Amino acid sequence: MSGIFPEASERPMLFVPLGDGAISPFGLAPRMRAYRVAAMMGLEAAGEDALREDGARPVMIQDAGHAVSPGWLDYLIARPGTVLCYEGVAVLAHASRPGERIEAQRLIGKGDATPTVLTLVHAEDVDLEAIDQRHRPFIARLDEEADVNAIERALYGAATPRVSDAVSLTLLKPIGFAATRAAARAGLTANRVTWIAALFALAAFAFFWLGWFGIGLVAAALFALADTIDGKLAKITGTSNLWGRRLDGLLDLLHPPLWYIGWMRGLERGEQALEPVYALLLLVTIVTAYGAIRGSEILFARAHGFAMHLWKPFDSRFHAVAARRNINILLLAVSALLLKPEWGIQWVAFWSLVTAMILGSRLAAAKSAALRGEKVKSWLLPVADESDEGA
């Protein structure tokens, strides 16, 4: 029978928002956003009636009158029997027993919370970097006096990783906020933006193939912007599903080598064509180095449970300039501006090879550390307290 009716512990945690907010950041009703974000995180969205049913299942209860970033949900998921207060108001509770549910319903959205069953935690007392230094955990009131623009910027910041490439952190970040806000208010979902990004990726490849490097770079820049928007929309509005994430992952994997192949073919059509054997050697170097880079990152993540660029401060700093798509496109753009597109593909080959060697050495260093019995852990990820290990 358990195969048909799984035990409560095997079923996803319920998520129930109570109340509502007076304003709608990114044009999305507070309750709707709360439902979508929770569903994206694997929680089962439910109405208030669910609080009176199936008392054995754990439930996350949120005050919809506050905007809460996913980091806080992660924080409370690991802490059953806890209620989180912000500025004296109970905004989030993880109830795992019927008595906790009753108390959570009484406290959520109310000020001066004094729980007797639940454990009270004040958000102001929590070390935010202990939750996750990669993002910025965020809570804000959604009353009529709240600054919508400030809340939207904070939500965008909470969805933006601190460790990324230099192009994303400088050029794309300010543009990305305005574009993400416009897309959200227009009702675009993350999956639709991913399809738009796919069209830009194909367009860039076609233009590079034809030797139209300038317009191809414009298409590549639009793809990078769309790729930024779809990720932020997914985290901010919860408008993403499994197939959209798979398409986004497939695009991220395939488009860089295709662009480099297209760029090389475009050079052959003009006066900047490289000697055929040398051109083939460059292309093989780029594609092989690209495979080595992705392979090193995948092997590291599988072995240690987190991304390589989150391991040591050096890895985070190097990630900003490593030979990934945005940095390589910047190299190609500089060469096109100099009217020397053949230089760009050589720069990409050289820097890709250097990056592959550095990441390969970092993978070997982590393996060596593990063999010596050292714990390979990220300098940015939170380390669970001893009291949380059994949660």
Side-chain angles (χ1 to χ4, degrees), residues 41-42 69-79 126-137 158-170 231 235 245 248-250 252-254 256-257 284-328 331 347-391:
M41 296 181 65
S69 67
W72 283 113
L73 292 176
D74 279 333
Y75 178 79
L76 233 63
I77 286 173
R79 291 165 174 79
V126 176
D127 180 5
L128 298 184
E129 293 190 348
I131 298 178
D132 191 345
Q133 290 186 10
R134 298 170 302 171
H135 301 86
R136 298 164 180 79
T160 302
R162 297 184 183 182
V163 178
S164 188
D165 64 88
V167 174
S168 295
L169 293 175
T170 55
K235 294 175 182 177
R245 292 191 291 272
D248 186 61
L250 186 63
D252 288 342
L253 180 66
L254 295 181
V284 170
T285 299
I286 291 173
V287 175
T288 303
Y290 175 75
I293 290 169
R294 296 303 294 255
S296 295
E297 293 172 336
I298 292 171
L299 290 174
F300 186 99
R302 288 181 177 176
H304 307 294
F306 61 92
M308 182 187 291
H309 63 264
L310 302 177
W311 182 22
K312 302 285 188 181
F314 167 81
D315 302 293
S316 298
R317 289 193 294 267
F318 182 71
H319 187 71
V321 296
R324 301 299 296 271
R325 177 200 67 213
N326 288 346
I327 297 300
N328 288 345
L331 294 175
W347 295 342
V348 168
F350 170 76
W351 191 231
S352 296
L353 186 59
V354 171
T355 298
M357 290 189 294
I358 290 176
L359 296 191
S361 69
R362 299 302 291 161
L363 177 65
K367 178 66 174 178
S368 177
L371 291 175
R372 293 194 303 270
E374 299 176 12
K375 184 174 178 59
V376 178
K377 60 183 181 181
S378 169
W379 75 292
L380 290 176
L381 294 177
V383 179
D385 297 330
E386 292 294 328
S387 60
D388 298 329
E389 290 183 355

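No experiment lies behind these values; they were computed from the predicted model shown.
In terms of heavy atoms, Ala365 sits closest to Trp311 at C-CH2, 3.9 Å. Nearest heavy-atom pair across Ala366 and Phe300 is CB-CE1, 3.4 Å. Across every non-hydrogen atom of Ala289 and Leu353, the tightest pair is CB-N, 4.0 Å. The heavy-atom pair separating Val376 from Ala369 by the smallest distance is CG2-CB, 4.2 Å. Of all non-hydrogen atoms in Ser316 and Leu380, the two that sit nearest each other are OG-CD1, 4.0 Å.
Here the CZ atom belonging to Arg324 is positioned 8.5 Å from the NE2 atom belonging to His309, to the nearest 0.5 angstrom. If you take NE2 on His304 and NZ on Lys367, they are separated by 7.5 Å, rounding to the nearest 0.5 Å.
Counting non-hydrogen atoms of neighbouring residues, nucleotides and ligands closer than 6.0 angstrom, the CZ atom of Phe350 reaches no more than 12 such neighbours.
Proximity of a side-chain donor or acceptor of Ser352 to a complementary backbone N or O of Ala349 within less than 3.5 Å is not detected. Judged purely by atom type and a 3.5 angstrom limit, Thr355 has no side-chain atom pairing as donor or acceptor with the backbone of Ala322. Side chain of Tyr290 to backbone of Leu253: a donor-acceptor contact under 3.5 angstrom is found.
Side chains of Ser368 and Arg372 form a contact here, defined as non-hydrogen atoms less than 4.5 Å apart. Looking at heavy atoms from C-beta onward, Val167 lies out of side-chain contact with Arg325 at the 4.5 angstrom threshold.
Residue pairs meeting the salt bridge (charged side-chain N to carboxylate O under 4.0 Å, His left out) criterion with at least one member in residues 300-320, sequence neighbours excluded: Asp315-Arg362.
Remark: Leu76 pairs with Met60, Thr82, Leu84, Leu92, His94 by the side chain to side chain contact (heavy atoms under 4.5 Å, CB included) rule, at least two apart or across chains. For Ser296, the side chain to side chain contact (heavy atoms under 4.5 Å, CB included) partners at least two apart in sequence or on another chain are Met308, Leu359, Leu363.
Phe314 and Phe318 have parallel rings, their planes meeting at less than 30° on a 0 to 90° scale where 60° marks the start of perpendicular.
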